[in-house]
Number of protein chains: 2
Amino acid sequence: MGTTQLETVPEPKYWHLRTVLSEALDSEFSVGEILPNERDLAARFGVARATLRQALEQLELEGRLQRRRGVGTTVAPPRMGVSVGTTQHAWPGGPHDAWQTLDCAPEVPPAAVAETLVTGRDEPVHVVRRSRVSHGQPVAAELLYIPADSVPDLSGIDAPAGTARARAVLRELQRLELERQENAVELGSARADDARELDRLPGAPVLVVTTRFIARGRTAALSVATYRADTCRLTFGDSGGVEIHHGPERRAS
Amino acid sequence: MGTTQLETVPEPKYWHLRTVLSEALDSEFSVGEILPNERDLAARFGVARATLRQALEQLELEGRLQRRRGVGTTVAPPRMGVSVGTTQHAWPGGPHDAWQTLDCAPEVPPAAVAETLVTGRDEPVHVVRRSRVSHGQPVAAELLYIPADSVPDLSGIDAPAGTARARAVLRELQRLELERQENAVELGSARADDARELDRLPGAPVLVVTTRFIARGRTAALSVATYRADTCRLTFGDSGGVEIHHGPERRAS
DNA sequence: AAGTGGTCTAGACCACTTA
DNA sequence: AAGTGGTCTAGACCACTTC
């Protein structure tokens, strides 16, 4: 009984550290500023480096910090608003499209994708790669799976692959009448190739946006877009790019 | 020159482990099955426990595994589709609402919220807490911030707080004409209170859905909903709850 | 070459669940 | 009490960037 009810739930050190650091970021650091290195910070707080890193990982996940190997840890700017699925009822590659078409190649899609498209297993589809850049940095990488019978008339195109073919495929796609599209967002981790394109390490957290484009009662195309979770806030619905960020204003120390 | 181009980019152990385990999950485990404990698994793969845990963390982030302290690690079912922002142009608490109203209390909102609502700092607003359950488990916790002047006529209500008041506030809100709503999704980590409600540990990854309800040209209400990122796939737009999951079918060994 | 973050180890102890 | 995942330590080495 003599024990007053302090610390009923002892908070993990890394969680407490996260809070302390978060407040320090709000009050004593400005965007872009470099933090002391991990070894110094760990020593300053009297914890092992691994524990400090756990706290930094949390803050990076929340988009507060940016860490670059060989460089250092900097205070991240507020996440940028990236609009997704606002252009309802529009095919990819249309007039107001935020994406840059890279290339195209025939490929056998993963089983889950083949299941959604009605194609049989081991049947190759057109795979168009696109990337999305915002405010000068890459924010998303996309794979567009398009079954052969969604774009039946590719006769005029010689190239079996490459940017030219990609554009041709998208142009053909426009000719179908789009009934509707279905969107979903979930958390994932960047595969090696996506990571490279997004300038991140493999396993970095990403928001995966899956879009089914439906025409003639069937899935005419399937888009799987991987967005950097650390730098992006996805906006959808009627929205534009409204700024809602957490925490008070950052000011210089 | 004698060196053949093997291992140009030496893959981290934990990443390789993740791949191996992921394939094992596809081929040798069925949903709900319990994996060997971490110490055994680490020994089996000849790595330190910390390294194995890094791989497990990845798989948990991807929604493939579920870990519970004191219990063990099990194979997670495919993520459930949870529809978000489909009921466009509808106030919270309307007829086809998936949320359960918990309670309501006056509170001074965080600075970022106060900024979005036009209220001054230190001015309390109604804060309605709601929770969302799907397939028998909690999937989201919500805080609804409603400025006093969005619900001017609360005269008939005695209770200063509690469920009754929460319902009254939502009922009053219906009387405004909703112009539109703006949605955004971003990655976050669960605060202590959200974590408790979602049956997770603090810091667990969550998808934060922010919705601005706009009426009379102003933000009449602001919803901040935290969804479990491990178990949920958010669907929006025209979508229903279509099932697209990664990897082949899971079957029993 | 120096300095940074990223990976990895081998151990210890703690919090929680179950029996 | 036994077994699980969660936290934490003190150290080592590696990959990368910058000077």
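Residue numbers start from 1 in every chain, and the chains themselves are labelled A, B, ... in the order their sequence lines are given, proteins ahead of strands.
Defined by atom type and a distance below 3.5 Å, a donor-acceptor pair is missing between the side-chain atoms of Thr51(B) and Gln54(B). In summary, the side chains of Arg64(A) and Ser22(A) do present a donor paired with an acceptor at a separation below 3.5 Å, with no hydrogens or angles considered. With hydrogens and angles left out, the side-chain atoms of Asn183(A) and Thr211(A) include a donor and acceptor closer than 3.5 Å.
A salt bridge is defined here as a Lys NZ or Arg NE, NH1 or NH2 lying under 4.0 Å from an Asp or Glu carboxylate O, and Arg129(B) with Glu142(B) fails to meet this definition. The pair Arg79(A)-Glu186(B) meets the salt-bridge criterion, with a side-chain N (NZ, NE, NH1 or NH2) lying under 4.0 Å from an Asp/Glu carboxylate O. By the 4.0 Å N-to-carboxylate-O rule, Asp230(B) lies close enough to Arg200(B) to be salt-bridged with it. A salt bridge links Asp97(A) with Arg130(A); the closest basic N to acidic carboxylate O contact falls under 4.0 Å.
Here dG6(C) presents its C1' atom at 19 Å from NE2 of His16(B), a figure rounded to the nearest Å. dG6(D) atom C1' lies 9 Å from atom CD of Gln54(A), rounded to whole Å. Across the protein-nucleic acid pair, Leu56(B) atom CG and dG5(D) atom C1' stand 10 Å apart, rounded to whole Å. As a whole-Å value, the separation of Arg68(B) CZ from dT18(C) P is 8 Å. One interatomic measurement links the two molecules: CG of Leu52(B) to P of dG5(D), which rounds to 9 Å at whole-angstrom precision.
When the options Glu23(B), Gln58(B), Glu62(B) are evaluated for a side chain to side chain donor-acceptor pair (under 3.5 Å) with Arg18(B), the one that passes is Glu62(B). Residue Tyr227(A) forms a side chain to side chain contact (heavy atoms under 4.5 Å, CB included) with just one option from Asp194(A), Val185(A), Leu198(A), Val84(A), and that option is Val84(A).
Between Lys13(A) and dG6(D), a side-chain N or O to OP1/OP2 separation shorter than 4.0 Å is absent. Listed pair Thr51(A) / dT7(D) fails the phosphate criterion, with no side-chain N or O lying under 4.0 Å from OP1 or OP2. Note on Arg53(B): a side-chain N or O is less than 4.0 Å away from OP1 or OP2 of dG6(D). Residue Asn37(B) places at least one side-chain N or O under 4.0 Å from the OP1 or OP2 atom of dT4(D). Residue Thr73(A) has a polar side-chain atom (N or O) positioned under 4.0 Å from OP1 or OP2 of dG5(C).
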With the criterion being N/O to N/O and under 3.5 Å, what pairs connect the protein with nucleotides 10-15 of chain D, and how long is each?
residue, atom, partner, partner atom, Å
dA15(D), O4', Arg69(A), NH1, 3.3

Watson-Crick and G-U pairing of DNA chain D, under 3.5 Å, as dot-bracket with | and [ ]: ||||||||||||||||||.

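At a threshold of 4.0 angstrom between heavy atoms, the contacts of Leu201(B) are confined to the sugar-phosphate backbone, with no base atom among them.
With dT18(C), dT7(D), dG5(D) as the candidates, the nucleotide lying closest to the side chain of Val71(B) is dT18(C).
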